Amino acid sequence: MSVRGTAVRAVPALAALTTSTVLVVIVGAVLPGLIALPIFAAGVVVVVVLLCGRAEATAALVLAGARQPHGYEVASLKPVFAVLREHGVAGDVDVRVSDAGGVYAARFGRHTLIVSARMVRAARTGGFSDEHAAAILTHALGLGVRRFEAAMGFWTLPWVAVRAICRAAAEALSVLPLVSLAWRLRFVTAAAAAVQGIAEGHSLFGLLTAGIVAITYLVPWCERREQLLVQRHGDRFVLEHEFGASLAEVLRPNARDPKALQRVHDLQAGGRPPKVRELTLVPTGTAN
């Protein structure tokens, strides 16, 4: 990944790690030492184990809800992996199945590939051809190994919980026009808090408030950019292994906005630069 991509990915990761660590310290300070110390030590041990690449299947089950595939699911995926091997894509991966979500495949950790149960059913019932399913798996496999994902996922569980609570609260309060307007204009509140804090001699408090509000803009933007970079990287891998047309056929029914349509076009065209056409107006008749 490029330097820009690394920076974009580092911002959400740093925010998640910092917030989770602060929450762990706060909760640990409140709990009695005889309870807090064993829990913290156990958490550190789990992180070390995951960093070493161990217990990845358990982590996929707990963190991503991905279970071991049933017998019929293994049988359904065998011809798909045969297509992948023909194109030189399939590696040594441990396939897990998730019952949540739509049709997708995602890389998890070092050697785990999570496949949605809906995609497996589509491959089994003829909703997808083996080439279509192989294109989806190729996109996921093209993202490569994510060595620290399992450990990051475990340590940042407090961050995930806080975000889920905040999103639920935001959805519940979004029906109130004033609250929704205040959230959209939160940069005004941040600027006012920073100016007031500095004017009253509490510069640290004012800058901290402004920084927290700035993070609410920066983290979502970085996450969107990271998703776009990951998507482009996976698409390039798909094109390199000649699955572009198959992935385009999978994406076309749900492509509505211009960016999605352009992505389908690029995959269908095989990644070749578009030909420039000059449009000219040709008269079809002469006015009387």
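Index from 1, following the sequence. No experiment lies behind these values; they were computed from the predicted model shown. In what follows, every heavy atom counts, from backbone to side chain, and hydrogens, waters and symmetry copies are set aside.
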Test side-chain contact (heavy atoms from CB on, under 4.5 Å) on R263 and Q231; report intermediate values, then the result. CA-CA 10 Å; R263 182 190 180 193; Q231 181 187 94; 3.3 Å; yes
Smallest heavy-atom separation, Q268 atom then A245 atom, equals NE2-CB, 3.9 Å
Tracing side-chain contacts under 4.5 Å among Ile, Leu, Val, Met, Phe, Trp and Tyr outward from I165 reaches none
Applying salt bridge (charged side-chain N to carboxylate O under 4.0 Å, His left out) to E223 and not counting sequence neighbours gives R163
Checklist entry - Any luck finding a side-chain donor-acceptor pair between Q262 and D266 under 3.5 Å? => result yes
Closest non-hydrogen contact found for S98 with A64 is OG-O, 4.1 Å
_Membership question, hydrophobic clusters at under 4.5 Å side-chain separation (ILVMFWY): are L251 and V238 in the same one?_
yes
- Message: I'd like to check L141 versus L84 (side-chain heavy atoms, cut-off strictly below 4.5 Å). Are they in contact?
- Response: yes
Sequence neighbours excluded, the answer for side chain to side chain contact (heavy atoms under 4.5 Å, CB included) partners of E131 is V83, S129, S246
Practice task
Could you tell me whether F237 and H233 have their ring centroids closer than 6.0 angstrom?
Solution key: no
Students should find that the hydrophobic cluster of V74, defined by side-chain heavy atoms under 4.5 Å apart, otherwise consists of none
Contacts of T216 meeting side-chain hydrogen bond (donor to acceptor under 3.5 Å, both in side chains) (sequence neighbours excluded), chain-then-number -> R186
inquiry  = I'd like to check V97 versus H70 (side-chain heavy atoms, cut-off strictly below 4.5 Å). Are they in contact?
reply    = no
Output for pair (L247 CG, T138 OG1), nearest 0.5 Å, gives 8.5 Å
Flag side-chain contact, heavy atom, 4.5 Å: P69 against V120
no
I'd like to know if the side chain of T156 reaches the main chain of L17, judged simply by a donor and an acceptor atom lying under 3.5 Å from each other, with no hydrogens or angles considered. no
Margin query: Would the distance check show the side chain of S116 and the main-chain N or O of G102 forming a donor-acceptor pair, the cut-off being under 3.5 Å?
Written below: yes
> Do V162 and V11 sit in the same hydrophobic cluster, where Ile, Leu, Val, Met, Phe, Trp and Tyr count as joined when their side-chain heavy atoms come under 4.5 Å apart?
Replying inline: no
Hits for side chain to side chain contact (heavy atoms under 4.5 Å, CB included) against N254, two or more places apart or cross-chain, chain-then-number order -> none
Count I, L, V, M, F, W, Y as connected when their side-chain heavy atoms are under 4.5 Å apart, and connections chain through other members. Are M152 and W159 then in the same cluster?
no
Cluster membership besides V22, Ile/Leu/Val/Met/Phe/Trp/Tyr side chains within less than 4.5 angstrom, sorted by chain and number, is I26
Residues L31 and A36: closest non-hydrogen pair is CB-CB, 4.1 Å
Taken to the nearest 0.5 Å, the spacing of L267 CG from R252 CZ works out to 9.5 Å
Residues passing the side-chain hydrogen bond (donor to acceptor under 3.5 Å, both in side chains) test with R118, sequence neighbours excluded, are none
Original post:
Same hydrophobic cluster for V160 and F154, using side-chain heavy-atom links shorter than 4.5 Å among ILVMFWY?
Top reply: no
- Query: With distance as the sole test, does H139 use its side chain to make a donor-acceptor pair with the main-chain N or O of A135 at under 3.5 Å?
  - Reply: no
*Where do R107 and V93 land on the side-chain contact (heavy atoms from CB on, under 4.5 Å) test, with the steps shown first?*
CA-CA 9 Å; R107 194 71 185 261; V93 292; 4.1 Å; yes
| request: Verify the neighbour count for atom CD of E242: are there more than 12 heavy atoms of other residues, nucleotides or ligands below 6.0 Å? | output: no
Value for CD (Q227) from CZ (R9), rounded to nearest 0.5 Å, stands at 12.0 Å
Residue set satisfying side-chain hydrogen bond (donor to acceptor under 3.5 Å, both in side chains) with W155, at least two apart, ordered chain then number -> T21
Nearest heavy-atom contact between L63 and A150 is CD1-O, 3.5 Å
Here the gap from M119 atom CE to L77 atom CG, rounded to the nearest 0.5 Å, amounts to 5.5 Å
Below 4.5 Å, heavy atoms only, C-beta onward: do V95 and F81 meet side chain to side chain?
yes
Self-check item: I136 and Y104, any side-chain heavy atoms less than 4.5 Å apart
Solution: no
Could you tell me whether the side chain of R96 reaches within less than 4.5 Å of the side chain of F108, counting heavy atoms only? no
**OP:** Would you please classify the geometry between the H132 ring and the F128 ring as parallel, tilted or perpendicular, with 30° and 60° separating the classes?
**Re:** perpendicular
Of all heavy-atom pairs linking S20 and L157, the shortest is OG-N, 4.5 Å
Applying side-chain hydrogen bond (donor to acceptor under 3.5 Å, both in side chains) to T19 and not counting sequence neighbours gives none
Without placing hydrogens or testing angles, list every side-chain donor-acceptor pair under 3.5 Å for residues 45-56, not counting sequence neighbours.
residue	atom	partner	partner atom	Å
E56	OE1	R110	N	2.8
E56	OE2	R110	N	3.4
E56	OE2	H111	N	3.0
E56	OE2	T112	N	3.2
E56	OE2	T112	OG1	2.6

Applying side chain to side chain contact (heavy atoms under 4.5 Å, CB included) to I215 and not counting sequence neighbours gives V219
Residues L261 and R256: closest non-hydrogen pair is CD1-O, 3.8 Å
- How far apart are the C-alpha atoms of V80 and L137, what are their side-chain angles, what is the distance that settles it, and do they pass the side-chain contact (heavy atoms from CB on, under 4.5 Å) test? CA-CA 9 Å; V80 177; L137 298 187; 3.6 Å; yes
For R67 and E73, what are the C-alpha separation, side-chain angles and deciding distance, and is it a salt bridge (charged side-chain N to carboxylate O under 4.0 Å, His left out)? CA-CA 12 Å; R67 55 172 173 76; E73 292 171 329; 2.9 Å; yes
